[in-house]
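The chains referred to below are lettered A, B, ... by the order of the sequence lines, with proteins before strands, and numbering in each begins at 1. Quantities reported herein were computed from a predicted structural model and do not represent experimental measurements. Because only heavy atoms are used, hydrogens play no part in the values below, and waters and symmetry mates are left out as well, while side chains stay in.
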There are 2 protein chains.
Amino acid sequence: MDVDTRLLRYFLAVADEANLTRAAERLFVSQPALSKQIKQLETQLGVRLFTRSHDGMALTDAGRALAARAPAALAACDNALRETKATARRVDHVLRVGFLANAANEATQEIVARFTRIRPDWHVTMRQASWSDPTAGLADGDVDAALLRLPFPGSSGFRVRVLITEPRWVALPAAHPLAVHDEIPFEDLWGEPFVAAPAGTGPWRDYWLAAGERDGRPPRIGAVTDQPDDWLQAIANGDGVALAPASAARFYARPGVTYRPVRGVSPSRVGVAWPPAADRDPVVQDFVACCLHATGSPRSTHAGEGL
Amino acid sequence: MDVDTRLLRYFLAVADEANLTRAAERLFVSQPALSKQIKQLETQLGVRLFTRSHDGMALTDAGRALAARAPAALAACDNALRETKATARRVDHVLRVGFLANAANEATQEIVARFTRIRPDWHVTMRQASWSDPTAGLADGDVDAALLRLPFPGSSGFRVRVLITEPRWVALPAAHPLAVHDEIPFEDLWGEPFVAAPAGTGPWRDYWLAAGERDGRPPRIGAVTDQPDDWLQAIANGDGVALAPASAARFYARPGVTYRPVRGVSPSRVGVAWPPAADRDPVVQDFVACCLHATGSPRSTHAGEGL
DNA sequence: CGACGTCCATGCCGTCAGGTTATCGATGCG
DNA sequence: CGCATCGATAACCTGACGGCATGGACGTCG
């Protein structure tokens, strides 16, 4: 009796949304594909998992039984694979670190330099992640630690220490009328189209749209991008504006894109994150210590404070 | 990070055998297919799981880590699916019973009759299994209970009560020289080709070849069959002889096939088996009670005694 | 009351992963 | 030196999965 864990994830999404169409969006597949997969799971088990009706998919009793047990099964599989990867890296003396765009910017080199001084027999591999995976590989166990912008989706499952706090600015097309000002009140941007992260990155996308600081007005989306280059391109094209950490002005300067300070929007924070399983891993903890020292952060700065 | 549980099973088989070719046989796939699958698992994880050498596949440290955790993950998945099926049947008031060929022969009707008298609102579904699945669907959770010939592979994972004990006879081609005798000493059959169950049914196959009662001589295999009809056909064809429960003479009489008592071979036992998860299921326990009553078995007859 | 929106199912098609057979390269052994 | 063993590779076939377009049932609103 074999199943692809993908099928179980699909099933849980549908069970959770109680709606095929919305679940399909969340899973980034088409509705018919999901419909077929669910049906296949049902025939494979010989069990009706949902009762279909004009207003959605409701779990049957059997479906509820599966919904109750599938998460544990998925977790067990995930855990097995993650631990396998972690073991391989431990054996090879390789520390993989994920990062998102310019997460730790200037500090990155200093962090790596410190780490190699402490652990000369280890090798650090930096792996840039696309914005469609804001955990930069932590969730899949592809990295041992990650340098991230906070908040990030699923942050509750990981340990986080804050390293840097910096104001958020706005990136504008150079020709944009507001570009003439030295500082821009955030309210002036409410009506602007924004270049956003892909849907499905949830709170992370919302954070960079400052969705919670717009007095309830929904943001306008001008474009959706996945990588720094596309993002710059979209802004230069005039598809929209975007909030960005102040340091982006140094790291992502480009003709056609202008950066300006913004008044009235919360700052951005950079953190180092690691999976709970690495709490006792001295190498990962050394890396975390290097992050804290390299950025001059007090050792006690936890992420929980005022997210 | 999705995996098909099949991949994990494949991996565990290779880890266990430390040999691709033998693992492939055990899994009933070709060696190249298995080779590719293992390689794919490795690339998907980005981790070497085995070191290949001229004399087999040896686990790496990472491979050992996976081998340690995969069984639990597989068990969690299996459990989720099995419980789902069981729940569906409970809701529908359906009891599925697997059986192997003529396992409980005459008693079957009596068992079902008793059960329907006790549980008039329930419906019993009998499902005949092929010999390539000697647990008759118990292992996959496809049935709530099964009527089986003992011993069967994996019997240790299930509860079993013995119902019937009957001598084993031999089924011969009608024209076979030995068919003239009223009773045949088992030694006289040692040299005969046998019609056997598929390899991969392990101890079950061996039991019906009486491999342990041949004084060390290996059995000769004349044909391999999967179902009663093929089995009868093979014997009538003269492909070989086969041990069979005495009752087969009544249930599987056919021109060209003769049944004779055998002296010097242990008897066959029929049992009812159920998964431990159903220990507390009153419906399954009622069914078990019906089995015991219908066959006049004392309630205390456990399977463990003198297997 | 009919047009429309919502929601799931179906049909058709392109792509790719998984399986099979046949064969090769490397290694150890008689 | 030929042979057996073991894993990798090549060529091919089938079927599963995904996408798009569309259909059918049901509720809602003008």
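Where DNA chain D meets chain A (any atom under 4.0 Å from a heavy atom), the bounding nucleotides read 5' to 3' are dC17(D) to dG27(D).
Residues Arg26(B) and Asp16(B) meet the side-chain proximity criterion, which asks for heavy atoms closer than 4.5 Å.
In terms of position along DNA chain C, the nucleotide closest to Leu7(B) lies nearer the 5' end than the nucleotide closest to the other residue of the pair Pro32(B) and Leu7(B). Sequence order on DNA chain D of the closest nucleotides to Arg22(B) and Val29(A) puts Arg22(B) first from the 5' end.
Gln40(A) comes within 4.0 angstrom of sugar-phosphate atoms only, judged by non-hydrogen atoms across all strands, and of no base. Within 4.0 Å of Gln37(A), counting heavy atoms only, lie sugar-phosphate atoms of the nucleic acid but no base atom. Note on Phe50(B): nothing from the nucleic acid sits closer than 4.0 angstrom, heavy atoms only. As judged by a 4.0 angstrom heavy-atom cut-off over every strand, Ala33(A) is placed among residues touching the sugar-phosphate backbone only.
A sub-4.0 Å separation between OP1 or OP2 of dG19(C) and a side-chain N or O of Ser30(B) is absent. Using a 4.0 Å cut-off, no side-chain N or O of Asn19(A) falls inside it from OP1 or OP2 of dT6(C). Distances shown here put every side-chain N or O of Lys36(B) at or beyond 4.0 Å from the OP1 or OP2 atom of dT20(C). Within the structure, every side-chain polar atom (N or O) of Thr21(A) is placed at least 4.0 Å from both OP1 and OP2 of dC7(C).
A cation-pi arrangement is present between Arg6(B) and Tyr10(B) under the rule of less than 6.0 angstrom and at most 45 degrees off the ring axis.
When rounded to the nearest whole Å, the span between CG of Leu34(B) and P of dT20(C) equals 10 Å.
Expressed to the nearest 0.5 Å, how far CG of Leu59(A) lies from CZ of Arg48(A) amounts to 12.5 Å.
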